[in-house]
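Note sheet for the following structure.
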Amino acid sequence: MSVIDQFAGVRVLCLGDVMLDRFVMGAARRISPESPVPVLSVTGSTTIAGGSANVARNIASLGGRCTLVGVIGADACGAELKRILNETPGVASTFVEVPQRPTTEKIRFVAQGQHMLRSDSEDNSPVAPDVEEAIVTRIAAALPEHDVVVLSDYAKGVLTTDVIRRVVELATRRGAPVIVDPKSSDLARYDGATLVTPNLHETYLATGIQGDDDASAVAAARKVLAGTTIGAVLVTRSEKGMTLVQRTAEPVHIPTAAREVADVVGAGDTVIAALSLVVGAGGDLQEAAYIANAAAGVVVGKRGTATVSRDELLAELDRQSYTDGNPSSAKVVSRAEAAAQVAAWQRHGLAVGFTNGCFDIVHVGHVGIIEFSRAHCDRLVVAVNSDASVKRLKGPSRPVNGEMDRAQVIAALGAVDLVVVFDEDTPKEIIEELQPDVLVKGADYQVSEIVGADSVLARGGRVLRFELVPGRSTTKVISRMTEGVSA
């Protein structure tokens with residue numbers, strides 16, 4: 001069962017700043033005669049649960065279940081927010097009602113699909129100690145029935161330093177991961193959290209490190225980790241993607257897939273929702289970041305405070321894996337990265353195929369076996385012999401092309417999902433490391449002669465043989481080229 005299939009069994013406890021998002025739509029076709037401002041001719045309006053309530057909506061739309069804790073006022077906006085959430089399957093809300101504190105409301109005025117103006121009605125002062133106590137009491141009561149805790153901080157006064165500290169302590173004692181969408185220049189407030197997800201501006205305010213390149217993101221994240229007890233930092237970088245920095249692993253940069261952006265409202269809510277579900281389902285942080293990045297890619301293509309569904313997420317993951325959304329160089333990975341990606345695909349219920357070769361001068365026979373392989377699996381990994389390995393197998397004059405050149409040429413083929421270089425004379429070790437579901441080799445080998453076939457079959461996989469294209473080989477291509485030169 002894939003990690004996404006397991007979302008249905010994940011229960012997320014979400015605490016944060018809830019709000020009502022109101023959109024007033026219309027057309028602006030003239031300037032007011034009273035002052036030089038556009039006049040909006042209103043055609044309609046809609047209200048959506050926003051802030052941390054939108055995190056809850058995204059969790060539910062992705063197939064999980066969420067208990068939402070927050071603070072509202074004794075007002076019409078609070079009542080409307082409760083009504084919306086009561087009608088949202090998968091969301092259970094428990095609000096602390098504070099009569100003297102208004103429910104946060106954001107009104108966006110939209111003309112021809114473009115935002116003209118936003119007005120906010122709110123009280124963002126820290127909640128009183130008795131409200132803090134009521135919040136923590138509700139969290140403590142609900143925590144035993146949940147797998148992961150989300151703190152969705154919009155800096156509206158609910159997530160005070162004391163509330164954060166006490167909730168993190170409660171979660172830590174229960175062994176529940178804590179994922180934080182921060183809104184503070186003092187990230188140490190979230191000490192003890194499993195993961196925090198600041199954007200570039202927030203990391204700059206927290207660390208003083210500015211820049212939108214990979215190195216700056218890593219440096220800022222490492223400075224956060226050095227000064228706190230936070231477990232990991234995921235820097236969200238808009239069109240640059242995301243950078244995940246953990247204490248005991250190499251940094252991972254996740255690029256965005258090319259798509260048209262309609263609206264970035266609520267994208268952070270989608271990210272934190274997807275992260276919480278993957279972590280709650282037992283996935284690691286790197287897998288969670290890749291999936292959250294894909295989910296954000298879907299939601300920014302929608303207008304308004306939007307959500308992403310499980311089916312939309314699966315379609316986006318498939319699109320990113322089997323299109324030119326990623327450059328060919330991004331498909332060439334280390335053995336460790338390949339093993340992690342294969343395991344993630346298999347957890348998603350995808351069959352992973354494997355084939356290998358020197359691929360010194362790519363010809364129609366190579367293309368044929370790769371296309372045959374991809375037709376019998378959901379994802380295809382191609383292992384390419386290193387230069388040293390080719391020399392041992394083919395002689396001192398080979399390879400003609402270097403290993404990285406050969407790897408990137410294979411990666412450029414649309415049927416290929418990952419390429420990995422191996423140094424051994426046979427692919428036995430890398431097959432053991434990757435544990436593919438389908439192993440493909442040329443029909444000039446019997447199944448009993450195919451390296452790695454025994455281990456693949458023992459795991460319940462398949463071993464397939466491809467009929468070679470007659471007269472096609474790199475050796476023959478080189479021979480014809482040599483003959484042409486000597487003539």
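Only a predicted model underlies this, so the values are computations on that prediction, with no experimental measurement involved.
One finds the CD1 atom of I272 at 12.5 Å from the CG atom of N54 (value rounded to the nearest 0.5 Å). Expressed to the nearest 0.5 Å, how far CG of L439 lies from CD1 of I431 amounts to 5.0 Å. Note that OG of S455 and CD of E432 are 4.0 Å apart. Values are rounded to the nearest 0.5 Å. Note: F359 CZ to I410 CD1 = 5.0 Å, rounded to the nearest 0.5 Å. To the nearest 0.5 Å, atoms CD1 (I254) and OG1 (T236) are separated by 11.0 Å. One finds the OG atom of S152 at 7.5 Å from the CG atom of L159 (value rounded to the nearest 0.5 Å).
For N356, there are no side chain to side chain donor-acceptor pair (under 3.5 Å) partners two or more places apart in sequence or in a different chain.
Looking only at side-chain heavy atoms (C-beta outward), V278 and F7 come within less than 4.5 Å of each other. Using a 4.5 Å cut-off on side-chain heavy atoms (C-beta onward), Q210 and S216 make no contact. V245 has its side chain out of reach of E250: every pair of non-hydrogen atoms, C-beta onward, lies at least 4.5 Å apart. Annotation: side chain of L62 is not in contact with side chain of S309 (no heavy-atom distance under 4.5 Å). At a threshold of 4.5 Å between non-hydrogen side-chain atoms, the residues V150 and L15 do not count as touching. By the 4.5 Å heavy-atom criterion applied to side chains, N58 and V55 are not counted as neighbours. Residues I59 and S276 form a side-chain contact, since some pair of their non-hydrogen atoms from C-beta on lies under 4.5 Å apart.
None of R374, R379, K331 except one satisfies the side-chain hydrogen bond (donor to acceptor under 3.5 Å, both in side chains) rule with D417; the exception is R374. Checked options V233, T243, I209; the residue passing with V218 is T243 (criterion: side-chain contact (heavy atoms from CB on, under 4.5 Å)). With respect to R406, the side-chain contact (heavy atoms from CB on, under 4.5 Å) criterion is satisfied by exactly one of V421, D387, I361: D387.
Judged by distance alone, the side chains of T172 and E169 never bring a donor and an acceptor atom under 3.5 Å apart. D423 and S389 share no donor-acceptor pair across their side chains, judged by distance under 3.5 Å alone. R189 and T161 share a side-chain donor-acceptor pair at under 3.5 Å. Between D153 and Y190, the side chains place a donor N or O and an acceptor N or O closer than 3.5 Å (distance only, hydrogens not considered).
Taking a cutoff of 4.0 Å between a charged side-chain nitrogen and a carboxylate oxygen, R11 and D147 do not qualify as a salt bridge. Between D191 and R165 no salt bridge is recorded (no basic side-chain N to carboxylate O distance below 4.0 Å). Taking a cutoff of 4.0 Å between a charged side-chain nitrogen and a carboxylate oxygen, R462 and D437 do not qualify as a salt bridge. Between E424 and K428 there is no salt bridge, since no side-chain N of the basic residue sits under 4.0 Å from a carboxylate O of the acidic one.
In this structure, Y204 and H201 have tilted ring planes: the angle between them lies in the 30° to 60° band.
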>> Please evaluate residues R398 and K391 with respect to the criterion side chain to side chain contact (heavy atoms under 4.5 Å, CB included), reporting the C-alpha separation (whole Å), side-chain torsions for both, the decisive distance (0.1 Å), and the verdict.
In response: CA-CA 5 Å; R398 300 279 298 276; K391 285 185 185 299; 5.8 Å; no
> So N199 and R237, side chain to side chain contact (heavy atoms under 4.5 Å, CB included) or not? Walk me through it.
Replying inline: CA-CA 6 Å; N199 60 31; R237 302 166 55 198; over 6 Å; no
> How far apart are the C-alpha atoms of D269 and R57, what are their side-chain angles, what is the distance that settles it, and do they pass the salt bridge (charged side-chain N to carboxylate O under 4.0 Å, His left out) test?
Replying inline: CA-CA 9 Å; D269 301 333; R57 293 174 63 236; over 6 Å; no
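The heavy-atom pair separating C377 from V438 by the smallest distance is CB-CG2, 4.4 Å.
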